[in-house]
Amino acid sequence: MTYASEKLPEEKVFKDPVHRYIHVRDKIIWDLIGTKEFQRLRRIRQLGTTFLTFHGAEHSRFNHSLGVYEIVRRIVDDVFRGRPEWNENERLLSLCAALLHDVGHGPFSHSFEKVFHLDHEDFTQAIILGNTEINRVLSKAGAEFPKKVAEVIAKTYKNKQVISLISSQIDADRMDYLQRDAFYTGVQYGHFDMERILRVMRPREDQVVIKYSGMHAVEDYIMSRYQMYWQVYFHPVTRSAEVILSKILHRAKALYENNYSFQADPVHFYSIFKGDVTVEDYLKLDESIILYYFQEWQKEKDPILSDLCNRFINRRLFKYVEFQPSNEQLMKLIELTNLFKKAGIDPEYYLVVDSSSDLPYDFYRPGEEEERLPIHLLMPNGEIRELSRESEIVDAITGKRRTDHKLYFPLDFLKDFSEKRNLKKQILEILQLTDKDGFIL
(Lines give C-alpha, C1' and ligand atoms only; values in the text may rest on other atoms or scores of the structure.)
Protein backbone atom coordinates (compact mmCIF):
# COMPACT_ATOMS: atom_id res chain seq x y z
CA MET A 1 0.00 0.00 0.00
CA THR A 2 1.35 3.45 -0.94
CA TYR A 3 1.22 6.41 1.42
CA ALA A 4 -1.27 8.18 -0.88
CA SER A 5 -3.78 5.36 -0.44
CA GLU A 6 -3.03 4.61 3.21
CA LYS A 7 -6.00 4.78 5.59
CA LEU A 8 -6.06 5.26 9.33
CA PRO A 9 -6.74 2.12 11.39
CA GLU A 10 -9.89 3.84 12.66
CA GLU A 11 -11.73 6.88 11.34
CA LYS A 12 -11.00 10.11 13.23
CA VAL A 13 -13.73 12.69 13.72
CA PHE A 14 -13.82 16.35 14.78
CA LYS A 15 -17.06 17.55 16.38
CA ASP A 16 -18.17 20.55 14.40
CA PRO A 17 -21.03 23.02 15.06
CA VAL A 18 -21.75 23.49 11.34
CA HIS A 19 -21.27 20.06 9.76
CA ARG A 20 -21.80 18.01 12.95
CA TYR A 21 -18.70 15.91 12.27
CA ILE A 22 -15.52 16.25 10.18
CA HIS A 23 -14.51 12.76 9.03
CA VAL A 24 -10.88 11.77 8.40
CA ARG A 25 -9.86 8.35 7.07
CA ASP A 26 -6.86 9.23 4.89
CA LYS A 27 -3.47 9.10 6.63
CA ILE A 28 -2.16 12.07 4.64
CA ILE A 29 -5.03 14.31 5.75
CA TRP A 30 -4.50 13.37 9.39
CA ASP A 31 -0.77 14.05 9.06
CA LEU A 32 -1.34 17.43 7.37
CA ILE A 33 -3.66 18.52 10.19
CA GLY A 34 -0.89 17.71 12.65
CA THR A 35 1.75 19.89 10.98
CA LYS A 36 2.86 23.05 12.77
CA GLU A 37 1.94 25.20 9.78
CA PHE A 38 -1.65 23.96 9.84
CA GLN A 39 -1.90 24.16 13.65
CA ARG A 40 -0.84 27.82 13.37
CA LEU A 41 -4.29 28.50 11.85
CA ARG A 42 -5.80 27.98 15.32
CA ARG A 43 -4.17 31.31 16.23
CA ILE A 44 -5.65 33.27 13.32
CA ARG A 45 -9.29 34.33 13.47
CA GLN A 46 -11.46 33.63 10.46
CA LEU A 47 -13.11 37.06 10.61
CA GLY A 48 -10.26 39.36 11.61
CA THR A 49 -11.57 42.30 13.64
CA THR A 50 -15.24 41.21 13.47
CA PHE A 51 -15.02 39.89 17.05
CA LEU A 52 -15.11 43.54 18.15
CA THR A 53 -18.57 43.84 16.58
CA PHE A 54 -20.04 40.34 17.01
CA HIS A 55 -18.59 38.97 20.23
CA GLY A 56 -19.06 35.34 19.18
CA ALA A 57 -16.86 35.67 16.10
CA GLU A 58 -13.82 34.08 17.71
CA HIS A 59 -13.59 31.12 15.33
CA SER A 60 -10.36 30.41 13.48
CA ARG A 61 -8.99 29.63 10.04
CA PHE A 62 -8.40 26.15 11.45
CA ASN A 63 -12.18 25.64 11.95
CA HIS A 64 -12.92 26.90 8.46
CA SER A 65 -10.22 24.86 6.71
CA LEU A 66 -11.54 21.65 8.25
CA GLY A 67 -15.04 22.65 7.13
CA VAL A 68 -13.97 23.22 3.52
CA TYR A 69 -12.20 19.86 3.54
CA GLU A 70 -15.36 18.15 4.84
CA ILE A 71 -17.58 19.66 2.15
CA VAL A 72 -15.18 18.59 -0.60
CA ARG A 73 -14.90 15.12 0.98
CA ARG A 74 -18.67 14.76 0.84
CA ILE A 75 -18.77 15.90 -2.78
CA VAL A 76 -16.05 13.57 -4.06
CA ASP A 77 -16.94 10.57 -1.85
CA ASP A 78 -20.73 10.77 -1.89
CA VAL A 79 -21.85 12.79 -4.92
CA PHE A 80 -19.18 12.35 -7.63
CA ARG A 81 -17.97 8.82 -6.91
CA GLY A 82 -18.75 6.44 -9.75
CA ARG A 83 -19.75 9.15 -12.22
CA PRO A 84 -17.91 8.83 -15.54
CA GLU A 85 -17.15 12.56 -15.72
CA TRP A 86 -15.20 12.43 -12.44
CA ASN A 87 -11.64 11.09 -12.29
CA GLU A 88 -11.25 9.25 -8.99
CA ASN A 89 -7.49 9.83 -9.20
CA GLU A 90 -8.16 13.50 -8.40
CA ARG A 91 -9.80 12.70 -5.07
CA LEU A 92 -6.77 13.04 -2.80
CA LEU A 93 -5.55 16.17 -4.57
CA SER A 94 -8.97 17.78 -4.10
CA LEU A 95 -9.01 16.93 -0.38
CA CYS A 96 -5.49 18.23 0.27
CA ALA A 97 -6.08 21.46 -1.65
CA ALA A 98 -9.34 22.03 0.23
CA LEU A 99 -7.66 21.49 3.60
CA LEU A 100 -4.67 23.72 2.80
CA HIS A 101 -6.32 26.48 0.78
CA ASP A 102 -5.98 29.06 3.60
CA VAL A 103 -2.73 27.94 5.21
CA GLY A 104 -0.97 31.10 4.00
CA HIS A 105 -3.24 33.56 5.78
CA GLY A 106 -1.53 36.06 8.03
CA PRO A 107 -2.78 37.62 11.28
CA PHE A 108 -5.89 39.77 10.81
CA SER A 109 -5.67 38.46 7.25
CA HIS A 110 -6.88 41.06 4.76
CA SER A 111 -5.94 44.20 6.71
CA PHE A 112 -2.43 42.82 7.19
CA GLU A 113 -2.14 42.03 3.48
CA LYS A 114 -3.26 45.49 2.37
CA VAL A 115 -0.77 47.33 4.57
CA PHE A 116 2.26 45.26 3.58
CA HIS A 117 1.19 44.39 0.02
CA LEU A 118 1.21 40.65 0.65
CA ASP A 119 -0.94 37.90 -0.86
CA HIS A 120 -2.02 34.94 1.27
CA GLU A 121 -2.36 32.73 -1.80
CA ASP A 122 1.29 33.36 -2.68
CA PHE A 123 2.28 32.35 0.84
CA THR A 124 -0.01 29.32 0.71
CA GLN A 125 1.85 28.12 -2.36
CA ALA A 126 5.23 28.96 -0.81
CA ILE A 127 4.37 26.96 2.32
CA ILE A 128 3.22 23.99 0.24
CA LEU A 129 6.37 24.06 -1.91
CA GLY A 130 8.91 25.20 0.70
CA ASN A 131 10.97 23.65 3.48
CA THR A 132 7.97 22.92 5.69
CA GLU A 133 6.32 20.02 7.47
CA ILE A 134 3.40 20.34 5.04
CA ASN A 135 5.70 19.91 2.06
CA ARG A 136 7.33 16.85 3.60
CA VAL A 137 3.94 15.21 4.20
CA LEU A 138 2.71 15.97 0.67
CA SER A 139 5.96 14.77 -0.88
CA LYS A 140 5.43 11.33 0.65
CA ALA A 141 2.46 10.99 -1.73
CA GLY A 142 4.70 11.68 -4.74
CA ALA A 143 7.51 14.02 -5.75
CA GLU A 144 5.14 16.10 -7.92
CA PHE A 145 2.21 16.06 -5.52
CA PRO A 146 3.04 19.33 -3.66
CA LYS A 147 3.34 21.09 -7.03
CA LYS A 148 -0.12 19.86 -8.05
CA VAL A 149 -1.66 21.09 -4.79
CA ALA A 150 -0.01 24.49 -5.27
CA GLU A 151 -1.35 24.64 -8.84
CA VAL A 152 -4.90 24.09 -7.60
CA ILE A 153 -4.45 27.01 -5.16
CA ALA A 154 -3.00 29.14 -7.99
CA LYS A 155 -5.91 28.12 -10.28
CA THR A 156 -3.46 26.85 -12.92
CA TYR A 157 -4.05 23.11 -12.51
CA LYS A 158 -5.06 21.40 -15.74
CA ASN A 159 -8.29 19.94 -14.33
CA LYS A 160 -10.62 22.90 -13.81
CA GLN A 161 -13.14 20.64 -12.06
CA VAL A 162 -10.78 20.37 -9.09
CA ILE A 163 -10.21 24.14 -9.00
CA SER A 164 -13.93 24.89 -9.13
CA LEU A 165 -14.58 22.75 -6.05
CA ILE A 166 -12.46 25.20 -4.03
CA SER A 167 -12.52 28.42 -6.03
CA SER A 168 -15.62 29.44 -7.99
CA GLN A 169 -18.82 31.36 -7.32
CA ILE A 170 -20.34 28.30 -5.64
CA ASP A 171 -17.49 26.43 -4.01
CA ALA A 172 -16.76 24.60 -0.77
CA ASP A 173 -14.87 27.61 0.58
CA ARG A 174 -17.87 29.95 0.33
CA MET A 175 -20.38 27.33 1.40
CA ASP A 176 -18.44 26.77 4.62
CA TYR A 177 -17.59 30.33 5.55
CA LEU A 178 -21.11 31.65 4.99
CA GLN A 179 -22.63 29.08 7.33
CA ARG A 180 -19.76 29.14 9.84
CA ASP A 181 -19.61 32.92 10.03
CA ALA A 182 -23.40 33.11 10.41
CA PHE A 183 -23.26 30.57 13.24
CA TYR A 184 -20.53 32.34 15.19
CA THR A 185 -21.85 35.87 14.67
CA GLY A 186 -25.37 34.75 15.59
CA VAL A 187 -27.05 36.12 12.45
CA GLN A 188 -29.53 34.33 10.21
CA TYR A 189 -28.38 35.69 6.84
CA GLY A 190 -25.78 33.06 5.95
CA HIS A 191 -28.00 30.01 6.17
CA PHE A 192 -29.00 28.20 2.98
CA ASP A 193 -29.84 24.65 1.94
CA MET A 194 -26.36 23.22 1.42
CA GLU A 195 -27.66 19.66 1.53
CA ARG A 196 -29.82 20.36 -1.49
CA ILE A 197 -26.95 22.02 -3.38
CA LEU A 198 -24.64 19.07 -2.74
CA ARG A 199 -27.27 16.63 -3.97
CA VAL A 200 -27.67 18.46 -7.29
CA MET A 201 -23.98 19.06 -8.02
CA ARG A 202 -22.68 17.20 -11.07
CA PRO A 203 -19.18 16.90 -12.54
CA ARG A 204 -18.81 17.96 -16.17
CA GLU A 205 -15.79 18.57 -18.34
CA ASP A 206 -13.69 21.35 -16.79
CA GLN A 207 -16.40 22.43 -14.33
CA VAL A 208 -18.99 21.51 -11.72
CA VAL A 209 -22.59 22.23 -12.69
CA ILE A 210 -25.91 22.33 -10.81
CA LYS A 211 -28.98 20.43 -11.92
CA TYR A 212 -31.76 22.80 -12.98
CA SER A 213 -34.00 21.40 -10.23
CA GLY A 214 -31.62 22.90 -7.66
CA MET A 215 -31.73 26.44 -9.04
CA HIS A 216 -33.82 27.83 -6.18
CA ALA A 217 -31.34 26.53 -3.59
CA VAL A 218 -28.57 28.32 -5.49
CA GLU A 219 -30.62 31.54 -5.59
CA ASP A 220 -30.97 31.31 -1.81
CA TYR A 221 -27.22 30.75 -1.47
CA ILE A 222 -26.40 33.84 -3.56
CA MET A 223 -28.79 36.04 -1.61
CA SER A 224 -27.36 34.69 1.66
CA ARG A 225 -23.91 35.67 0.49
CA TYR A 226 -25.15 39.14 -0.50
CA GLN A 227 -26.70 39.71 2.92
CA MET A 228 -23.66 38.41 4.82
CA TYR A 229 -21.36 40.83 3.04
CA TRP A 230 -23.42 43.88 3.90
CA GLN A 231 -24.66 42.87 7.35
CA VAL A 232 -21.49 41.18 8.67
CA TYR A 233 -18.34 41.43 6.54
CA PHE A 234 -18.77 45.13 5.73
CA HIS A 235 -20.26 46.15 9.08
CA PRO A 236 -19.17 49.77 9.73
CA VAL A 237 -18.00 49.02 13.29
CA THR A 238 -15.79 46.18 12.06
CA ARG A 239 -14.39 48.53 9.44
CA SER A 240 -13.62 51.07 12.16
CA ALA A 241 -11.50 48.46 13.93
CA GLU A 242 -9.81 47.57 10.63
CA VAL A 243 -9.01 51.24 10.01
CA ILE A 244 -7.32 51.51 13.42
CA LEU A 245 -5.49 48.21 12.92
CA SER A 246 -4.17 49.35 9.54
CA LYS A 247 -3.08 52.71 10.93
CA ILE A 248 -1.20 51.00 13.79
CA LEU A 249 0.77 48.93 11.31
CA HIS A 250 1.40 51.95 9.07
CA ARG A 251 2.58 53.99 12.05
CA ALA A 252 4.89 51.25 13.34
CA LYS A 253 6.44 50.88 9.88
CA ALA A 254 6.91 54.66 9.51
CA LEU A 255 8.56 54.89 12.94
CA TYR A 256 10.86 51.97 12.12
CA GLU A 257 11.91 53.63 8.85
CA ASN A 258 12.68 56.84 10.79
CA ASN A 259 14.90 54.97 13.27
CA TYR A 260 12.51 55.44 16.17
CA SER A 261 13.67 53.70 19.33
CA PHE A 262 10.85 51.33 20.33
CA GLN A 263 10.47 50.30 23.96
CA ALA A 264 9.03 47.03 22.61
CA ASP A 265 11.24 46.42 19.57
CA PRO A 266 9.16 44.88 16.73
CA VAL A 267 11.65 42.14 15.86
CA HIS A 268 8.91 39.98 14.33
CA PHE A 269 8.17 42.75 11.83
CA TYR A 270 11.71 43.52 10.63
CA SER A 271 11.63 41.52 7.40
CA ILE A 272 8.09 42.69 6.62
CA PHE A 273 9.02 46.35 7.16
CA LYS A 274 11.99 45.81 4.83
CA GLY A 275 9.78 44.11 2.21
CA ASP A 276 11.92 40.99 2.32
CA VAL A 277 9.78 38.55 4.31
CA THR A 278 10.67 34.86 4.19
CA VAL A 279 8.25 31.98 4.69
CA GLU A 280 9.99 31.22 7.99
CA ASP A 281 9.48 34.80 9.21
CA TYR A 282 5.89 34.84 7.99
CA LEU A 283 4.99 31.64 9.82
CA LYS A 284 6.18 33.13 13.11
CA LEU A 285 3.41 35.73 12.90
CA ASP A 286 0.00 35.02 14.33
CA GLU A 287 -2.57 37.13 16.16
CA SER A 288 -1.16 36.38 19.60
CA ILE A 289 2.14 37.95 18.48
CA ILE A 290 0.42 41.00 16.96
CA LEU A 291 -1.71 41.56 20.06
CA TYR A 292 1.38 41.27 22.29
CA TYR A 293 2.96 44.18 20.43
CA PHE A 294 -0.25 46.20 20.53
CA GLN A 295 -0.40 45.68 24.29
CA GLU A 296 3.20 46.81 24.71
CA TRP A 297 2.96 49.70 22.25
CA GLN A 298 0.29 51.33 24.42
CA LYS A 299 3.26 52.41 26.57
CA GLU A 300 5.30 53.86 23.68
CA LYS A 301 6.40 57.51 23.79
CA ASP A 302 5.03 58.12 20.31
CA PRO A 303 1.55 59.50 21.09
CA ILE A 304 -0.07 58.29 17.85
CA LEU A 305 1.10 54.68 18.11
CA SER A 306 0.27 54.60 21.80
CA ASP A 307 -3.22 56.03 21.29
CA LEU A 308 -4.10 53.80 18.33
CA CYS A 309 -3.01 50.65 20.18
CA ASN A 310 -5.00 51.72 23.22
CA ARG A 311 -8.05 52.18 21.00
CA PHE A 312 -7.71 48.74 19.44
CA ILE A 313 -6.98 46.84 22.65
CA ASN A 314 -9.71 48.57 24.65
CA ARG A 315 -12.25 48.95 21.83
CA ARG A 316 -12.27 52.73 21.73
CA LEU A 317 -13.14 52.80 18.05
CA PHE A 318 -13.54 55.65 15.60
CA LYS A 319 -16.99 57.03 14.81
CA TYR A 320 -18.16 57.42 11.24
CA VAL A 321 -20.44 59.38 8.95
CA GLU A 322 -21.61 58.57 5.43
CA PHE A 323 -19.30 59.82 2.73
CA GLN A 324 -20.06 59.95 -0.97
CA PRO A 325 -17.09 60.84 -3.20
CA SER A 326 -18.80 63.77 -4.93
CA ASN A 327 -17.06 67.08 -5.66
CA GLU A 328 -18.88 68.70 -2.74
CA GLN A 329 -17.88 65.94 -0.31
CA LEU A 330 -14.27 65.96 -1.53
CA MET A 331 -14.08 69.70 -0.92
CA LYS A 332 -15.40 69.09 2.60
CA LEU A 333 -12.72 66.43 3.11
CA ILE A 334 -10.01 68.90 2.08
CA GLU A 335 -11.44 71.47 4.50
CA LEU A 336 -11.63 68.88 7.29
CA THR A 337 -8.04 67.80 6.63
CA ASN A 338 -6.82 71.37 7.07
CA LEU A 339 -8.89 71.88 10.21
CA PHE A 340 -7.62 68.62 11.71
CA LYS A 341 -4.04 69.80 11.17
CA LYS A 342 -4.78 73.16 12.81
CA ALA A 343 -6.43 71.36 15.73
CA GLY A 344 -3.31 69.24 16.22
CA ILE A 345 -4.97 65.99 15.11
CA ASP A 346 -2.96 64.22 12.40
CA PRO A 347 -5.43 63.51 9.54
CA GLU A 348 -3.12 60.83 8.15
CA TYR A 349 -4.11 58.63 11.10
CA TYR A 350 -7.34 60.17 12.36
CA LEU A 351 -9.38 61.12 9.30
CA VAL A 352 -9.89 58.11 7.07
CA VAL A 353 -12.19 57.35 4.15
CA ASP A 354 -12.92 53.63 3.98
CA SER A 355 -14.74 51.99 1.07
CA SER A 356 -16.27 48.54 0.78
CA SER A 357 -17.42 47.03 -2.47
CA ASP A 358 -18.98 43.73 -3.51
CA LEU A 359 -20.16 42.12 -6.72
CA PRO A 360 -22.61 39.42 -5.57
CA TYR A 361 -22.62 37.49 -8.86
CA ASP A 362 -21.23 37.88 -12.35
CA PHE A 363 -20.07 35.82 -15.28
CA TYR A 364 -16.84 36.04 -17.26
CA ARG A 365 -16.76 38.99 -19.61
CA PRO A 366 -14.00 38.87 -22.27
CA GLY A 367 -11.41 41.59 -21.78
CA GLU A 368 -11.95 42.01 -18.05
CA GLU A 369 -9.00 41.53 -15.70
CA GLU A 370 -10.72 39.27 -13.18
CA GLU A 371 -12.15 36.05 -14.49
CA ARG A 372 -15.22 34.98 -12.56
CA LEU A 373 -16.19 31.38 -13.18
CA PRO A 374 -19.98 31.43 -13.65
CA ILE A 375 -22.46 29.01 -12.14
CA HIS A 376 -23.85 26.74 -14.80
CA LEU A 377 -27.13 24.83 -14.73
CA LEU A 378 -27.61 21.39 -16.23
CA MET A 379 -30.95 21.60 -18.01
CA PRO A 380 -33.34 18.62 -18.28
CA ASN A 381 -32.41 18.22 -21.98
CA GLY A 382 -28.69 18.04 -21.13
CA GLU A 383 -27.93 21.59 -22.22
CA ILE A 384 -25.64 23.74 -20.04
CA ARG A 385 -26.99 27.23 -19.28
CA GLU A 386 -25.42 30.09 -17.28
CA LEU A 387 -27.43 30.73 -14.09
CA SER A 388 -28.51 34.34 -14.69
CA ARG A 389 -30.05 33.33 -18.04
CA GLU A 390 -32.57 31.18 -16.17
CA SER A 391 -33.00 32.93 -12.82
CA GLU A 392 -34.74 36.30 -12.72
CA ILE A 393 -33.54 36.81 -9.15
CA VAL A 394 -29.88 36.29 -10.05
CA ASP A 395 -30.25 38.25 -13.29
CA ALA A 396 -31.43 41.26 -11.25
CA ILE A 397 -28.11 41.47 -9.36
CA THR A 398 -25.69 40.12 -11.99
CA GLY A 399 -22.83 42.50 -12.72
CA LYS A 400 -24.15 45.11 -10.27
CA ARG A 401 -21.40 46.25 -7.94
CA ARG A 402 -22.48 47.91 -4.71
CA THR A 403 -20.05 50.25 -2.97
CA ASP A 404 -20.28 51.95 0.41
CA HIS A 405 -18.08 54.81 1.69
CA LYS A 406 -17.61 55.92 5.29
CA LEU A 407 -15.51 58.68 6.86
CA TYR A 408 -13.90 57.62 10.17
CA PHE A 409 -12.59 59.92 12.92
CA PRO A 410 -12.04 60.03 16.73
CA LEU A 411 -15.14 61.73 18.13
CA ASP A 412 -13.62 61.77 21.63
CA PHE A 413 -10.79 64.04 20.41
CA LEU A 414 -13.31 66.42 18.85
CA LYS A 415 -15.48 66.54 21.98
CA ASP A 416 -12.49 67.47 24.12
CA PHE A 417 -12.83 71.26 24.23
CA SER A 418 -9.91 71.79 26.66
CA GLU A 419 -8.01 73.28 23.71
CA LYS A 420 -8.76 74.41 20.14
CA ARG A 421 -12.43 74.64 21.06
CA ASN A 422 -13.56 76.77 18.11
CA LEU A 423 -11.72 74.67 15.56
CA LYS A 424 -13.22 71.47 16.93
CA LYS A 425 -16.72 72.95 16.96
CA GLN A 426 -16.21 73.91 13.32
CA ILE A 427 -15.18 70.32 12.50
CA LEU A 428 -18.23 68.93 14.27
CA GLU A 429 -20.49 71.28 12.33
CA ILE A 430 -19.01 70.16 8.99
CA LEU A 431 -19.49 66.54 10.05
CA GLN A 432 -23.10 67.47 10.91
CA LEU A 433 -22.67 66.24 14.47
CA THR A 434 -24.20 69.28 16.17
CA ASP A 435 -27.81 70.42 16.40
CA LYS A 436 -29.10 73.92 15.59
CA ASP A 437 -28.07 75.11 19.06
CA GLY A 438 -24.54 73.82 18.69
CA PHE A 439 -24.90 70.84 21.02
CA ILE A 440 -23.13 67.61 20.03
CA LEU A 441 -25.57 64.98 18.78
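The basis for the numbers below is simple: all heavy atoms, side chains too, and nothing from hydrogens, waters or symmetry mates.
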Inset, instruction - Kindly determine whether D16 and R180 satisfy salt bridge (charged side-chain N to carboxylate O under 4.0 Å, His left out), including the steps that lead there. - result: CA-CA 10 Å; D16 187 77; R180 192 169 300 279; 3.0 Å; yes
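- There is a side-chain donor-acceptor pair under 3.5 Å between S388 and E386.
- Counting heavy atoms from C-beta outward, I313 and L291 have side chains that approach closer than 4.5 Å.
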Inset, instruction - Take T238 and T53, measure what side chain to side chain donor-acceptor pair (under 3.5 Å) needs, and give me the verdict at the end. - result: CA-CA 6 Å; T238 298; T53 307; 2.7 Å; yes
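- V200 has its side chain out of reach of Y212: every pair of non-hydrogen atoms, C-beta onward, lies at least 4.5 Å apart.
- M215 CE to R385 CZ: the interatomic distance, rounded to the nearest 0.5 Å, is 11.5 Å.
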Inset, instruction - Evaluate the criterion side chain to side chain contact (heavy atoms under 4.5 Å, CB included) for residue pair T398 and L387; output intermediate values, then yes/no. - result: CA-CA 10 Å; T398 296; L387 175 63; over 6 Å; no
Legend entry - Residue pair E37, R40: steps toward the salt bridge (charged side-chain N to carboxylate O under 4.0 Å, His left out) verdict: CA-CA 5 Å; E37 296 89 12; R40 167 182 167 274; over 6 Å; no
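- Atom NZ of K15 has more than 12 heavy atoms from other residues, nucleotides or ligands within 6.0 Å.
- In terms of modelled atom types and a separation under 3.5 Å, the side chain of Q161 and the main chain of E85 share a donor-acceptor contact.
- A distance of 13.5 Å separates OG1 in T50 from NE2 in H55, rounded to the nearest 0.5 Å.
- The salt bridge (charged side-chain N to carboxylate O under 4.0 Å, His left out) search around R61 returns D102, not counting sequence neighbours.
- Counting heavy-atom neighbours within 6.0 Å of R199 CZ, excluding the residue itself, gives a total of 12 or less.
- Residue D354 forms a salt bridge (Lys or Arg N to Asp or Glu O under 4.0 Å) with just one option from K114, K406, R239, and that option is R239.
- Under the 3.5 Å distance criterion, the side-chain polar atoms of E300 are matched with a main-chain donor or acceptor of A264.
- In this structure the side chain of Y184 never reaches within 4.5 angstrom of the side chain of F54, judged on heavy atoms.
- Partners of Y189 under the side chain to side chain donor-acceptor pair (under 3.5 Å) rule, at least two apart in sequence or in another chain, do not exist in this structure.
- Side-chain contact between R91 and F80 is absent, with no heavy-atom pair separated by less than 4.5 Å.
- Taking the six-membered ring where the residue is Trp, F318 and Y350 present tilted rings, their angle falling between 30° and 60°.
- A salt bridge does not link R43 to E287: none of the charged side-chain nitrogens sits closer than 4.0 Å to a carboxylate oxygen.
- Put simply, the side chain of Q263 gets close to the backbone of K299: a donor and an acceptor are under 3.5 Å apart.
- Taking a cutoff of 4.0 Å between a charged side-chain nitrogen and a carboxylate oxygen, D302 and R251 qualify as a salt bridge.
- Residues forming a side chain to side chain donor-acceptor pair (under 3.5 Å) with Y256 (at least two apart in sequence, or on another chain): none.
- Atom CG of residue L351 and atom CG of residue L407 lie 5.0 Å apart, to the nearest 0.5 angstrom.
- Within the 3.5 Å criterion, the main-chain N or O of I29 finds no donor-acceptor partner in the side chain of Y69.
- Counting heavy-atom neighbours within 6.0 Å of E392 CD, excluding the residue itself, gives a total of 12 or less.
- A cation-pi contact, defined as under 6.0 Å to the ring centre and within 45° of the axis, links R311 to F413.
- Using a distance-only test at 3.5 Å, with no hydrogens or angles considered, no donor-acceptor pair links the side chain of H235 to the main chain of V232.
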Inset, instruction - Check step by step if salt bridge (charged side-chain N to carboxylate O under 4.0 Å, His left out) holds for D358 and R401. - result: CA-CA 6 Å; D358 180 48; R401 183 174 291 278; 6.0 Å; no
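- For the pair K12 and D26, the salt-bridge criterion is not met [side-chain N within less than 4.0 Å of a carboxylate O].
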Please list, one pair per line, the donor and acceptor atoms closer than 3.5 Å that link side chains of residues 190-198 to other protein atoms, with sequence neighbours excluded.
{"unit_1": "D193", "atom_1": "OD1", "unit_2": "R196", "atom_2": "N", "d": "3.1"}
{"unit_1": "E195", "atom_1": "OE1", "unit_2": "R74", "atom_2": "NH2", "d": "2.6"}
{"unit_1": "E195", "atom_1": "OE2", "unit_2": "R74", "atom_2": "NH1", "d": "3.0"}
{"unit_1": "R196", "atom_1": "NH2", "unit_2": "S213", "atom_2": "O", "d": "3.2"}

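- Judged by distance alone, with hydrogens and angles left aside, the side-chain atoms of N314 form a donor-acceptor pair with the main-chain N or O of N310 at under 3.5 Å.
- Using modelled atom types, no side-chain atom of Q207 and backbone atom of K160 make a donor-acceptor pair closer than 3.5 Å.
- Distance check, rounded to the nearest 0.5 Å: OG of S139 to CD1 of I134 gives 11.5 Å.
- The number of heavy-atom neighbours closer than 6.0 Å to OH of Y21, taken from other residues, nucleotides and ligands shown, is 12 or below.
- Because its NZ or CZ atom is both nearer than 6.0 Å to the ring centre of Y229 and within 45° of the ring axis, R225 counts as a cation-pi partner of that residue.
- You'll find the side chain of F294 stays beyond 4.5 Å of the side chain of L308, heavy atoms only.
- Between H64 and H101, the distance from one ring center to the other falls under 6.0 angstrom.
- Between the side chain of T124 and the backbone N or O of H120 there is at least one donor-acceptor pair closer than 3.5 Å.
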Inset, instruction - Check the pair D181, Y233 against side chain to side chain donor-acceptor pair (under 3.5 Å), reporting the backbone distance first and the verdict last. - result: CA-CA 9 Å; D181 297 346; Y233 304 138; 2.7 Å; yes
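- With W86 as the aromatic partner, R81 does not meet the cation-pi criteria of under 6.0 angstrom to the ring centre and within 45 degrees of the ring axis.
- Counting heavy atoms from C-beta on, the side chains of L32 and L138 come closer than 4.5 Å.
- Counting only distance, with no hydrogens or angles, the side chain of D31 and the backbone of V137 share no donor-acceptor pair below 3.5 Å.
- At least one test fails for K253 against the ring of F273: distance under 6.0 Å to the centre or angle within 45° of the axis.
- Under the 4.5 Å side-chain criterion, counting only non-hydrogen atoms from C-beta, I248 is in contact with C309.
- The aromatic ring centroids of F183 and Y177 lie 6.0 Å or more from each other.
- Taking the salt bridge (charged side-chain N to carboxylate O under 4.0 Å, His left out) definition, one finds that R42 meets it with nothing, sequence neighbours left out.
- With hydrogens and angles ignored, the 3.5 Å screen pairs no side-chain donor or acceptor of Q324 with any backbone N or O of S326.
- Between the side chains of Q46 and S60, not a single donor N or O lies within less than 3.5 Å of an accepting N or O.
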Legend entry - Derivation and outcome, side chain to side chain donor-acceptor pair (under 3.5 Å), residues T278 and D281: CA-CA 5 Å; T278 65; D281 291 335; 3.0 Å; yes
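- Atom CD of E257 has more than 12 heavy atoms from other residues, nucleotides or ligands within 6.0 Å.
- Counting heavy atoms from C-beta outward, L100 and I127 have side chains that stay 4.5 Å or more apart.
- Using cut-offs of 30° and 60° for the angle between ring planes, the H268 and Y293 rings count as perpendicular.
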Report, one line per pair, each donor and acceptor closer than 3.5 Å where one atom sits in a side chain of residues 141-151; sequence neighbours left out.
{"unit_1": "K147", "atom_1": "NZ", "unit_2": "E151", "atom_2": "OE2", "d": "2.7"}

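- Between F38 and F62, the ring centre distance stays below 6.0 Å.
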